[in-house]
Amino acid sequence: MVASIKPHRDEIGLSDGLMLIDGEWRPAQSGETWSHIHPATGEEVASFPIAGPVDVDSAVRAARRAFDEGPWPRARANERIRVLRRIADLVREHGDELLALQALDNSVPLSFGTIYATSSAFVADVFDHHAGWVDKLAGETLPPYQGGDHMVFTLREPVGVVGAVIPWNAPLLLFAQKVAPALAVGCTIVVKPSEYGTFAVLRLARLIEEAGLPPGVLNIVTGPGEPTGDALISHPMVNKLSFTGSRAVGRKIIAASADGFKRVSLELGGKSPAIVFADADVSSAAAITMGTVTLGLSGQVCLAQTRALVHRDVADDFLGMAEIIGGMVSYGNPFDPAVTASPLINTRQMDRVLGLIAQGQADGARLVCGGTRSEGDLAAGNFVAPTLFTDVSNDMSIAREEIFGPVLSVIPFADEEEAVRIANDTEYGLAATVWTSDIKRAMRMTKAIRAGTIGINGYQLEPHAAFGGYQQSGLGREGGRAAVESYTEIKTVLLPITDEMM
Ligand code: NAP
Ligand code: MG
C-alpha cells in the first residue's frame with residue numbers, strides 16, 4: 001500500500017478552503033463544495049467551494065472596480081515593484097510548503113522540486129523577472145510624416161480585467177506566468193485554477209495578499225470548468241482571457257471571446273519531437289528524453305518530448321537506455337523522497353492513456369516495456385507503468401495524439417531531410433530537441449523545425465524567455481517582452497503643432 005497522505009495534510013494544517021473574492025475569503029453562495037481525491041492513494045484530501053455564476057460575477061465586478069477606481073493601476077512604479085518583489089521573497093520563504101501543497105493537489109513528488117523548472121525558486125524568479133518590467137515597458141516616439149513640430153507617440157496601458165484559467169499539472173508556475181505580467185502592467189485579475197490544482201494556488205494567493213496587493217486586484221474562484229470556468233470566460237466585464245490547457249477548452253475560450261472581442265492568449269498542448277542523430281551522445285539523449293516523459297509528472301507535461309525520432313544506426317542503443325530509465329522510475333507517496341514520478345491525475349485520464357496504448361499495439365507498434373496499469377501496492381492510485389514503443393510510424397495515433405502520460409514513441413529515420421519531414425508532420429508545434437555533435441546541423445534543424453522552443457542537446461526553461469506554440473500549440477507567448485505586452489493595449493497620441501486640420 002502507498003502510505004496515506006493524510007499525516008502530511010494535517011502537518012500543513014490544510015483545512016476546508018475558502019476562495020478569494022474582493023479581498024475576502026468566502027465560501028460559495030450556494031454552499032456547494034468540491035472534494036479532492038488524491039491521485040496516488042484515492043483518499044479524500046479536503047474540499048473547497050464550487051463558485052457558481054453569482055460568485056464569479058462578484059469576483060469579476062470586484063476586479064472591474066479595482067481596475068476602474070482602485071489604486072493598483074494608478075500606483076507609482078516603485079510601489080508595484082515592491083509588491084512583486086515581496087511576493088517573490090514570500091514564495092522563497094514558503095517554498096517547501098507550496099511544493100507540499102502541490103503534492104497534495106496533483107501528487108508531483110517532492111523530489112522533483114529540486115529541479116529548477118519545477119521548483120519554488122522558479123516561481124519566485126517569475127515574479128522577480130516581471131517586477132523588472134514595471135518601469136521598463138514603454139511606448140514609442142515616432143518621427144512625424146507631416147514634419148515640423150508634430151508629435152506622435154504611443155502609450156502602453158493595461159488591458160483591464162484579466163480572466164485566467166489554469167490547469168493542474170504545474171499550478172504554481174502556470175499561475176505565476178499569468179498573474180505576474182498582469183500585475184506588473186497594472187491589470188486586475190480573476191483566476192480559476194483547476195479543481196485538481198487548487199490548494200497550492202489558494203496558499204499562494206494568501207502570500208500575495210500578505211505582500212500588500214490591494215483588495216480586489218487578485219481574485220480566485222475555485223471549482224470545475226463547468227460551472228466556474230464557463231462563467232468566467234463568458235463574463236462581459238472581462239477584457240482578456242489567458243488560458244493554459246487542452247485544445248478542446250482552448251476552442252471554447254476562443255468562442256467565448258468572440259462576443260465582446262476579448263483579447264486571448266492560449267498555451268495548449270504538444271507532440272514534441274526529440275531528434276537524435278547518429279553523432280549524438282545517444283545515452284544522454286535517451287535518458288533525458290525518456291525522463292521528460294516519465295519522471296516527475298509522468299509525461300503530464302505540455303513540452304514532454306513524446307516522439308523520439310532516432311537515426312536507424314543508433315535506434316537499438318537509444319531503446320536500451322530508454323528502457324533502463326523506464327525501469328528506474330519509482331512510484332508511491334509523493335512525500336517519500338525515494339519516489340520519482342506521479343500517478344495520472346484522475347481515473348478518466350488513466351483510462352484515456354491506457355486506451356491510447358492499446359490503440360498503439362493494435363496499430364502494429366512494438367511495445368518494449370510498460371503498457372499496463374500498476375497493480376499490487378499501487379492499485380489504489382492511478383499509476384501506469386513507464387511505457388516505451390518502437391517501430392512507430394508517424395501516422396499512428398500514439399504519434400499524433402497528445403497522450404499526457406508516461407509513453408514514449410520511437411520513430412526511426414534515415415537522414416536529416418526525413419527527420420525534418422516527420423518532426424514537422426504534426427498539428428502541434430510547442431517544442432523540439434535536437435541531439436547532435438555537429439553545430440551546423442543543429443542550426444539547420446533549429447531553422448527547419450516549426451516549434452516555439454528548440455533545445456539543443458537538452459533544454460532548461462528560463463523565466464524570462466518566451467514560451468509558447470506554433471500552430472495548434474497556442475496563441476501568443478508567456479515569459480519575456482511579448483508576454484508582458486500581451487497584457488497591454490497601445491494608445492497612439494497625436495499632437496499636431498500647426499492649426500491645419502487632419
Ligand atoms: P483542460 O481540461 O483544458 O483544463 C484546463 C483548465 O480549463 C482547467 O482549469 C479546467 O477546469 C478548465 N476548463 C475546462 N472546461 C472549461 C470550460 N468549459 N470553460 C472554462 N474553463 C474550463 O486541461 P487539463 O486536462 O487540465 O491539462 C492538460 C492539457 O493542458 C494538455 O493538453 C496540456 O498540453 C495542456 N498544458 C499546456 C501547457 C502549456 O504551457 N502549453 C502547460 C500545461 C498543460 P477542469 O479542471 O474542471 O476541467
Ligand atoms: Mg479537464
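Counting starts at 1 for both ligands and their atoms, in listed order. In this chain, residues are counted from 1 in sequence order. Because only heavy atoms are used, hydrogens play no part in the values below, and waters and symmetry mates are left out as well, while side chains stay in.
E485 places no side-chain N or O within donor-acceptor distance of the main-chain N or O of A482, the cut-off being under 3.5 Å. Judged by distance alone, the side chain of S409 and the main-chain N or O of V392 form no donor-acceptor pair under 3.5 Å. Between the T340 side chain and the S330 main chain, a donor and an acceptor come within less than 3.5 Å of each other.
Heavy-atom distances between L174 and ligand 1 reach below 4.0 Å in at least one pair.
Distances below 4.0 Å separate heavy atoms of P167 from the following atoms of ligand 1: 26 (O), 27 (O), 43 (C), 44 (C). Within ligand 1, the atoms closer than 4.0 Å to a non-hydrogen atom of P224 are 47 (O), numbered from 1 in the order shown. Every atom of ligand 1 with a heavy atom of D230 under 4.0 Å away is listed here by number and element: 19 (N), 20 (C). Against a heavy-atom cut-off of under 4.0 Å, V165 is close to the following atoms of ligand 1: 6 (C), 7 (O), 9 (O), 12 (C), 21 (N). Close approach to E226 involves these atoms of ligand 1, each under 4.0 Å from a residue heavy atom: 18 (N). Below 4.0 Å from some heavy atom of G269 lie the following atoms of ligand 1, by number and element: 34 (O). Listed by number with element, the atoms of ligand 1 under 4.0 angstrom from any heavy atom of I233 are 19 (N), 20 (C).
Evaluated by nearest non-hydrogen atom to atom 37 (C) of ligand 1, the leading choice among L241, V249, L268, T228 is L268. Taking only non-hydrogen atoms, the option from C302, S234, G469 nearest to atom 42 (C) of ligand 1 is C302. For atom 17 (C) of ligand 1, the choice among P193, G225, S473 with the nearest heavy atom turns out to be G225. By heavy-atom distance, the residue among N346, L430, N169, I166 lying nearest atom 43 (C) of ligand 1 is N169.
Residue-to-ligand polar distances keep R247 apart from ligand 1: every N/O pair is separated by 3.5 Å or more. Annotation: I253 places no N or O atom under 3.5 Å from an N or O atom of ligand 1; distance criterion only. The distance criterion of under 3.5 Å between nitrogen or oxygen atoms is not met by F467 with respect to ligand 1. For the pair T244 and ligand 1, the shortest N or O to N or O distance does not fall below 3.5 Å. For ligand 1, one of its N or O atoms has an N or O atom of E402 under 3.5 Å away.
Side chains of Q305 and T289: a donor-acceptor N/O pair is absent below 3.5 angstrom, by distance only. Using modelled atom types, one finds no donor on one side chain facing an acceptor on the other under 3.5 Å when comparing N106 with Q102. Of the N and O atoms on the side chains of N169 and Y196, not one donor lies less than 3.5 Å from an acceptor on the other residue.
Between F199 and H36, the ring center distance clears the sub-6.0 Å criterion.
Contact check for M290 versus L388: side-chain heavy atoms found under the 4.5 Å cut-off.
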For this session: May I have the step-by-step check of side-chain contact (heavy atoms from CB on, under 4.5 Å) for I87 and L207, ending in yes or no?
Result: CA-CA 7 Å; I87 296 170; L207 295 176; over 6 Å; no
Problem set entry | From CA spacing to verdict: salt bridge (charged side-chain N to carboxylate O under 4.0 Å, His left out), R400, D425 | CA-CA 9 Å; R400 306 207 75 80; D425 176 16; 3.0 Å; yes
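Screening R206, E209, R26 for a side chain to side chain contact (heavy atoms under 4.5 Å, CB included) involving L20 leaves a single residue, E209.
Contacts of K252 with ligand 1, taken as heavy-atom pairs under 4.0 Å, involve the side chain alone.
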